[in-house]
Amino acid sequence: MYPLFFRLVFSRLAPERAHHLAVRWIRLVARVPVLRTFVAAALAPRHKELRTEALGLRLHSPFGLAAGFDKNALAIDGLAMLGFDHVEIGTVTGEPQPGNPRKRLFRLVQDRALINRMGFNNEGSAAVAARLAARTPVFRTVLGVNIGKTKVVPEEEAAADYVKSAERLAPHADYLVVNVSSPNTPGLRNLQATQALRPLLTAVREAADRAVTGRRVPLLVKIAPDLADEDVDAVADLAVELGLDGIIATNTTVAREGLGLRADPSVTAETGGLSGAPLKERSLEVLRRLHARVGDRVTLVGVGGIEDAEDAWRRILAGATLVQGYSAFIYQGPFWARGIHKGLAARLRSSPYATLADAVGADVRKHA
Ligand SMILES: Cc1cc2nc3c(=O)[nH]c(=O)nc-3n(C[C@H](O)[C@H](O)[C@H](O)COP(=O)(O)O)c2cc1C
């Protein structure tokens with residue numbers, strides 16, 4: 001039913017307008033107790049075998065919603081209601097900012113892909129922290145908070161901007177993500193170089209520790225699929241060296257590979273990050289590379305082109321403890337997470353692995 005709805009309604013609206021409409025509907029449904037209980041009962045993950053532990057947290061499932069959908073933490077309960085067991089809000093920056101001028105989000109429907117150059121449009125870490133502080137959660141969901149650099153802050157002062165956000169947001173976060181991989185903030189991806197990344201991650205770690213007593217907020221870094229293989233290795237080594245909790249692989253790509261011949265050249269020529277199906281193979285490759293390097297010393301989160309349970313399962317076998325998605329949610333709609341959970345549980349049951357944890361990285365062990 002959703003594909004028809006998408007064709008008749010969403011695809012006729014500008015992508016960003018469709019997004020805001022969807023967020024509004026999700027929030028609305030989540031505000032009505034009877035409705036949300038009914039929807040959550042139908043869609044929430046309830047396969048016992050998918051229960052897992054990661055980053056010192058207990059989860060109902062390894063599957064969650066990637067950053068960028070709920071930048072301002074407006075719809076966490078609504079998204080949990082739709083079955084996402086963890087929701088990563090953000091990217092949130094130190095200061096509020098409008099992002100790039102519209103149009104800045106484009107669909108490539110045939111390729112099941114998106115191009116975006118949103119540019120971290122968000123209300124800023126003070127406003128988002130206040131919203132999280134005032135929130136009474138309805139559903140139990142793991143909350144990730146993804147932070148990035150304010151555009152007008154020069155690269156040399158980036159750490160202070162991240163630190164400001166970390167201090168404000170870490171108290172509300174189950175885990176914190178340093179995003180250095182969006183292609184839409186000039187210079188941001190330079191922070192992936194280890195000489196910039198080491199002091200940045202150290203400063204954010206210290207800020208989180210200052211801001212939160214009584215527990216250690218897990219810290220992760222999110223990387224681009226466009227890194228050269230040696231740079232992926234360098235980030236992996238740095239993560240081990242710093243005792244980082246996790247790496248999220250990957251963000252969107254500036255490459256335009258893997259698109260069908262019928263892809264509209266006026267859209268593929270748009271500046272921004274490509275996400276969805278064409279990103280699948282490279283994201284998987286980066287994940288494999290990371291896993292080969294860090295083993296089980298660093299938790300890996302697989303994201304990029306995950307469309308169905310088979311994609312999610314392949315990431316787990318390649319070394320991901322958690323998996324996330326965004327673009328396929330736009331194309332597949334509210335039953336997407338449910339289908340992934342069902343398919344994942346079935347795959348695990350018919351696999352030789354007793355638990356999900358046993359399946360993590362099993363591909364690599366098999367070929368070792
Ligand atoms: C419209 C849009 C906005 C995004 N915004 C962010 C963001 O603010 N921060 C971030 O770390 N990733 C952001 N992402 C990247 C996603 O979190 C994800 O890494 C990427 O889209 C690959 O996953 P997918 O192929 O399942 O979409 C965004 C993606 C899209 C499509």
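No hydrogens, no waters, no symmetry mates; every other heavy atom, side chains included, goes into these values. One-based numbering, in listed order, for ligands and for the atoms of each.
Nearest-heavy-atom check against atom 30 (C) of ligand 1 across N116, I89, D70 picks out N116.
With hydrogens left out, the protein atom closest to atom 15 (C) of ligand 1 is N251 OD1, 3.4 Å, a heavy atom. At the top of the distance list for atom 12 (N) of ligand 1, counting protein heavy atoms only, stands K222 NZ, 3.0 Å. Residue, atom and distance of the protein heavy atom nearest to atom 20 (C) of ligand 1 are T252 CG2, 3.8 Å. Protein heavy atom nearest atom 9 (N) of ligand 1, with residue, atom name and distance: T91 OG1, 2.6 Å.
Salt-bridge annotation for D245 and R216: present, with a side-chain N of the basic residue lying under 4.0 Å from a carboxylate O of the acidic one. Between R198 and E241 there is a salt bridge, since at least one side-chain N of the basic residue sits less than 4.0 Å from a carboxylate O of the acidic one. Under 4.0 Å is where a charged nitrogen must lie from a carboxylate oxygen, and between D209 and R205 at least one such pair does. Comment: K103 does not engage E16 in a salt bridge, judged by the lack of any side-chain N to carboxylate O separation of less than 4.0 angstrom. The pair E285-R282 meets the salt-bridge criterion, since a charged nitrogen lies less than 4.0 angstrom from a carboxylate oxygen.
Between Y326 and ligand 1, at least one N/O pair is under 3.5 Å apart. For G325, no nitrogen or oxygen atom sits less than 3.5 Å from a nitrogen or oxygen atom of ligand 1, counting backbone and side chain alike. At least one N/O-N/O distance between A67 and ligand 1 falls below 3.5 Å. Below 3.5 Å of separation, one finds no N or O of E88 facing any N or O of ligand 1. Between G305 and ligand 1, a contact under 3.5 Å exists for at least one N or O pair. Some N or O of N179 is nearer than 3.5 Å to an N or O of ligand 1, by distance alone.
Of all atoms in ligand 1, listed by their number and element, those nearer than 4.0 Å to a heavy atom of S327 are 24 (P), 25 (O), 26 (O), 27 (O). Every atom of ligand 1 with a heavy atom of G90 under 4.0 Å away is listed here by number and element: 8 (O). With ligand atoms numbered from 1 in the order given, ligand 1 contributes 10 (C), 11 (O) to contacts under 4.0 Å with heavy atoms of N146. Ligand 1 places these atoms under 4.0 Å from at least one heavy atom of G68: 4 (C), 5 (N), 6 (C), 7 (C), 8 (O). If you number the atoms of ligand 1 from 1 as listed, the ones under 4.0 Å from a heavy atom of L114 come out as 31 (C). Atoms of ligand 1 lying under 4.0 Å from at least one heavy atom of A66, given by number and element, are 17 (O). Atom numbering of ligand 1 starts at 1 in the shown order; those under 4.0 Å from a heavy atom of L105 are 1 (C). For ligand 1, the atoms lying closer than 4.0 Å to a non-hydrogen atom of S275 are 21 (O), 25 (O), 27 (O), 31 (C).
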Exercise for the section: Carefully, step by step, assess S275 and S327 under the rule side-chain hydrogen bond (donor to acceptor under 3.5 Å, both in side chains). Expected result: CA-CA 6 Å; S275 58; S327 301; 2.7 Å; yes
Exercise for the section: Start with the C-alpha distance between N179 and N251, add both sets of side-chain angles, then the distance that settles side-chain hydrogen bond (donor to acceptor under 3.5 Å, both in side chains), and finish with yes or no. Expected result: CA-CA 9 Å; N179 179 10; N251 214 311; 3.3 Å; yes
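Remark: aromatic rings of Y2 and F335 are distant, center separation not under 6.0 Å.
Within the 4.0 Å heavy-atom shell around ligand 1 one finds G304. Judged by the shortest distance from any of its heavy atoms, T250 lies inside the 4.0 Å radius around the atoms of ligand 1.
By the criterion of side-chain heavy atoms lying less than 4.5 angstrom apart, applied directly or through intervening Ile, Leu, Val, Met, Phe, Trp or Tyr residues, L300 is grouped together with I223 in one hydrophobic cluster.
Contacts of L279 with ligand 1, taken as heavy-atom pairs under 4.0 Å, involve the side chain alone. Contacts of Q324 with ligand 1, taken as heavy-atom pairs under 4.0 Å, are absent altogether.
With hydrogens and angles ignored, the 3.5 Å screen pairs no side-chain donor or acceptor of R338 with any backbone N or O of G83.
When all heavy atoms are compared, the tightest approach of A30 to R36 is O-NH1, 2.9 Å. Shown here for N184 and G273, the closest heavy-atom pair between the two residues is OD1-N, 4.0 Å.
Taking H19 as the reference, F69 meet the ring-ring contact (aromatic ring centres under 6.0 Å, His included) condition, with sequence neighbours excluded.
Under the side-chain hydrogen bond (donor to acceptor under 3.5 Å, both in side chains) criterion, the residue pairs touching residues 143-156 are E88-N146, T91-N146, T150-D161, E155-N190, with sequence neighbours excluded.
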